[in-house]
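These numbers come from the heavy atoms of this one structure, side chains and all, not from hydrogens, waters or symmetry mates. Owing to the predicted nature of the structure, the values given are computational and were not obtained by experimental measurement.
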Amino acid sequence: MAAPSAATRRKLQRKFKLRGFTLKVDALEEAAAFLARFPDAEDDALDLLLDELDKEPLQSSILDRDAVRRVVALLVEADEAVDAASPAATSARSALRVVDSFVVPRFHYDPIKKVFYEYVLLQRLARDIYFSKPAFDTVMTEDDNCEITSIQSLIGCTGRRWIMGVISQLEERQFYLEDLTGACYAFLSTKHKITSGFFVENTVIVAEGELLSNGIFQVNTCGFPPLEDREASLSMLMGLDFFGGGVIPTEETVRLSTLEKKAMNDMFVILSDVWLDNYETMEKLGVVLDGYDSLEAVPSLFVLMGNFCSRPCNLAFNSFEELRLQFGKLGEMIAARSRLKEHSRFLFIPGPDDAGPSKALPRCALPKYLTEELQKHIPNAIFVSNPCRVKFYTQEIVFFRQDLLYRMRRSCLIPPTTEETSDPFEHLVATITHQSHLCPLPLTVQPIIWSYDHCLRLYPTPHTIVLGDKSDQKAFKYTGITCFNPGSFANDSTFAAYRPCTKEVELSALES
């Protein structure tokens, strides 16, 4: 590869700097080689390269060769697809944006200026018709309006009051309801619940009751904060991007929506617990890849979620070199299926026991040391955080790998009501959607990096939530949100296929 000219170097450095990027020497050479492919349209090619880099889940603004090469490989494949009269492949690739948790925007809400900076459940509740205060004095019954009272304001009040607070264990085995103004001991029981879901420490509830003379808040009715329609939430965002991936102009949204309706063949295949060190699991994975490689239209995206090893990668784990080689073998396995390598993208999300700096959420992408061998075979493989977010045309999809159902059931303070459903997975979905949070567990059960807690929030509600869990595979549509668990591929050979165009979930399993 010929060295780029001084003029080309200056142009690249200037353009990348304007976009907030710094190029290492090898990355500059990679970008220059890409431009050399288009001698008559260098500026357009460079703009396209920068646009695609903006969509990548980059960990740093300092770009190395691997980061640029990954995007170049995608663009070259798309260009070849156009030459081969396959515009659908180009549109599908350009429609997919992967958002790493550590680059999700963070906002705060100023209640005085009424400007969004950070979302809180109380602010959502205040917009609900049932709990909002009427603008004018009107004759209303208690059942017509239920204004929220702060806990501090309960002192000296008599009669029925509605409060909103987080369940907190301020004393051992003593649970309180706590808001920003104070805390009160509350008496809760199963018969008081009016919504499905798991009531655990750290969840926010809305409770109706009365403060007794002994200081105990006697709860008559309680439940989770009501859900807000996605469109209603979006109308309050004032154009801010809470999901990540950039704000899409209205005209572009209309165009993408049209393309999305035509993308009938697009499919995502999701597998959880892909144990690379287990011969039987890898053999089963080969069967799955062969099956999809033989289809007329191969899947657009394969999502492989951890754990990627059958035993925890903790301080006692001394086989990192072996795991690195196993990732390389996986790369060879994928590369052997030429149609999948050329037309599908592969997304890797770490599991709770995979290698990483800590067990706290969100977890960063798999270490580069482990994945280098795989990327030699699959340069466009994407390694992101857990959880991560994907934009596909206009759809917003959240992927989360955590054994959440077991932890929620163990931490539940009172048994879930069975009036609406007795299915634990449906209770889990109700909990995380009403809480607008992927993991509303106490920090003693699941540590969270405090400054990145916003990465776990589900506001506005996404179109689809994928919960990778060791429990049985399930699919459940709740208030218009598609939620499913693909199951544990290593344990019971289960996985899932998702068609974004129709939001249909196909729960699949290999025959034993």
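Across all their heavy atoms, Ser488 and Asp273 have their closest contact at OG-OD2, 2.8 Å. Across all their heavy atoms, Ile163 and Thr149 have their closest contact at CG2-O, 3.4 Å. Pairing each heavy atom of Val71 with each of Leu49, the nearest pair is CG1-CD1, 3.8 Å. Of all non-hydrogen atoms in Pro225 and Val204, the two that sit nearest each other are CD-O, 3.3 Å. Considering every non-hydrogen atom in both His454 and Val104, the closest pair reads NE2-O, 3.1 Å. Nearest approach of Pro424 to Leu405, heavy atoms of both residues: O-CD1, 3.6 Å.
Electrostatic pairing of Asp47 and Lys15 counts as a salt bridge here, judged by a charged N lying under 4.0 Å from a carboxylate O. Under a 4.0 Å N-O distance rule, the pair Lys368/Asp64 qualifies as a salt bridge. Salt-bridge formation is detected for the pair Arg457/Asp453: a Lys NZ or Arg NE/NH1/NH2 atom is positioned less than 4.0 Å from an Asp or Glu carboxylate oxygen. The pair Asp469-Arg401 does not count as a salt bridge, with every side-chain nitrogen at least 4.0 angstrom from each carboxylate oxygen. For Glu426 and Lys474, the salt-bridge test fails: no basic side-chain N is under 4.0 Å from an acidic carboxylate O.
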**Request:** Decide yes or no on ring pair (Phe, Tyr, Trp, His ring centres under 6.0 Å) for Phe102 and Tyr452, but give the supporting numbers first.
**Result:** CA-CA 7 Å; Phe102 292 93; Tyr452 288 98; 4.9 Å; yes

**Asked** Between Ile432 and Leu467, does a side-chain contact (heavy atoms from CB on, under 4.5 Å) hold up when you go through it step by step?
**Response** CA-CA 11 Å; Ile432 65 172; Leu467 299 172; 3.8 Å; yes

**Item:** Steps toward side chain to side chain donor-acceptor pair (under 3.5 Å) verdict (Tyr478, His434)
**Value:** CA-CA 11 Å; Tyr478 185 67; His434 280 274; 2.8 Å; yes

**Request:** Might you work through the side-chain contact (heavy atoms from CB on, under 4.5 Å) test for Ile349 and Val384, ending with a clear yes or no?
**Result:** CA-CA 6 Å; Ile349 301 171; Val384 287; 4.0 Å; yes

**Message:** Set out, in order, the CA-CA distance, both residues' side-chain angles and the distance that settles side-chain contact (heavy atoms from CB on, under 4.5 Å) for Val166 and Asn202, then state yes or no.
**Reply:** CA-CA 6 Å; Val166 61; Asn202 208 39; 4.1 Å; yes

**Message:** Under the criterion salt bridge (Lys or Arg N to Asp or Glu O under 4.0 Å), I'd like the reasoning laid out for Glu506 against Arg499: C-alpha separation, chi angles, the key distance, then a yes or no.
**Reply:** CA-CA 8 Å; Glu506 301 171 11; Arg499 295 188 180 275; 3.1 Å; yes

**Message:** Glu396 vs Arg230, test: salt bridge (Lys or Arg N to Asp or Glu O under 4.0 Å). Steps then yes/no.
**Reply:** CA-CA 11 Å; Glu396 296 181 352; Arg230 175 179 167 82; 3.2 Å; yes

**Request:** Run the numbers on Phe476 and Phe425 for side-chain contact (heavy atoms from CB on, under 4.5 Å), then give the verdict.
**Result:** CA-CA 8 Å; Phe476 178 49; Phe425 183 74; 4.0 Å; yes

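Taking a 6.0 Å sphere around CZ of Arg410, one finds it holds 12 or fewer heavy atoms contributed by other residues, nucleotides or ligands. Within 6.0 Å of atom CD in Gln152, 12 or fewer heavy atoms from other residues, nucleotides or ligands are found, so the atom counts as exposed in its surroundings. When the shell of 6.0 Å around CD1 of Ile62 is examined, it contains 12 or fewer heavy atoms from other residues, nucleotides or ligands. For NZ of Lys262, the number of neighbouring non-hydrogen atoms (other residues, nucleotides, ligands) closer than 6.0 Å is 12 at most. Residue Ile216 qualifies as enclosed at atom CD1: its count of foreign heavy atoms under 6.0 Å is above 12.
Between His427 and Phe198, the angle of the ring planes lies from 30° to 60°, which puts this pair in the tilted group. Between Phe317 and Phe320, the ring planes lie perpendicular to each other; the angle is over 60°, past the 30° to 60° tilted range. The aromatic rings of Phe302 and Phe346 sit parallel, their planes meeting at an angle under 30°, below the 60° perpendicular limit. Between Phe268 and Phe392, the ring-plane angle classifies as perpendicular under the 30° and 60° cut-offs.
Under the 3.5 Å distance criterion, with hydrogens and angles disregarded, a donor-acceptor pair is assigned to the side chains of Glu201 and Gln169. Side chains of Glu208 and Asn220: a donor-acceptor N/O pair is present below 3.5 angstrom, by distance only. Between the side chains of Glu171 and Tyr176, a donor-acceptor pair is found at a separation under 3.5 Å. For Thr203 and Gln435, the side-chain atoms include no donor-acceptor pair closer than 3.5 Å. A donor atom on one side chain and an acceptor atom on the other are not found under 3.5 Å apart for Thr421 and Asp423.
For an aromatic pair to be called close, the ring centres must be under 6.0 Å apart, and Phe199 with Phe224 satisfies this. When ring centroids are compared, Phe484 and Tyr498 come within the 6.0 Å threshold.
Looking only at distances, no side-chain donor or acceptor of Asn380 sits under 3.5 Å from a matching main-chain atom of Arg70. Under the 3.5 Å distance criterion, the side-chain polar atoms of Ser385 are left unmatched by any main-chain donor or acceptor of Asp100. The closest donor-acceptor contact from the side chain of Gln473 to the backbone of Gly487 lies at 3.5 Å or more, if one exists at all. Remark: the backbone N or O of Lys359 is paired with a side-chain donor or acceptor of Gln446 at under 3.5 angstrom. In this structure, Arg363 contributes its side chain and Asp354 its backbone to a donor-acceptor pair below 3.5 Å. Side-chain atoms of Asn307 never come within 3.5 Å of backbone atoms of Cys309 as a donor-acceptor pair (strictly under, hydrogens ignored). Asp353 places no side-chain N or O within 3.5 Å of a backbone atom of Pro312 that could act as its donor or acceptor partner. In this structure, Thr258 contributes its side chain and Val254 its backbone to a donor-acceptor pair below 3.5 Å. The backbone N or O of Pro387 lies less than 3.5 Å from a partner atom in the side chain of Ser101, making a donor-acceptor pair. Not one N or O on the side chain of Ser422 forms a donor-acceptor pair closer than 3.5 Å with the backbone of Thr418.
The side-chain heavy atoms of Arg161 and Ser153, taken from C-beta on, include no pair separated by under 4.5 Å. Inter-residue side-chain proximity for Phe16 and Leu50 is flagged as met; some heavy-atom pair is nearer than 4.5 Å.
Partners of Ala232 by side-chain contact (heavy atoms from CB on, under 4.5 Å), not counting sequence neighbours, listed by chain and number: Glu228, Asp229.
Exactly one residue among His463, Gln395, Lys477 makes a side-chain contact (heavy atoms from CB on, under 4.5 Å) with Thr482. That residue is Lys477. Only one option out of Leu458, Thr433, Val398 pairs with Ile481 in a side-chain contact (heavy atoms from CB on, under 4.5 Å); it is Thr433.
Expressed to the nearest 0.5 Å, how far CG of Asn386 lies from SG of Cys364 amounts to 10.5 Å. In this structure, Cys388 SG and Phe399 CZ are separated by 6.5 Å, a value rounded to the nearest 0.5 Å. Considering CG of Asp266 and SG of Cys501, their distance stands at 8.0 Å, rounded to 0.5 Å. To the nearest 0.5 Å, atoms CG (Leu177) and SG (Cys184) are separated by 5.5 Å.
Relative to the six-membered ring of Phe243, Arg389 meets both conditions, a distance below 6.0 Å and an angle of at most 45° to the axis.
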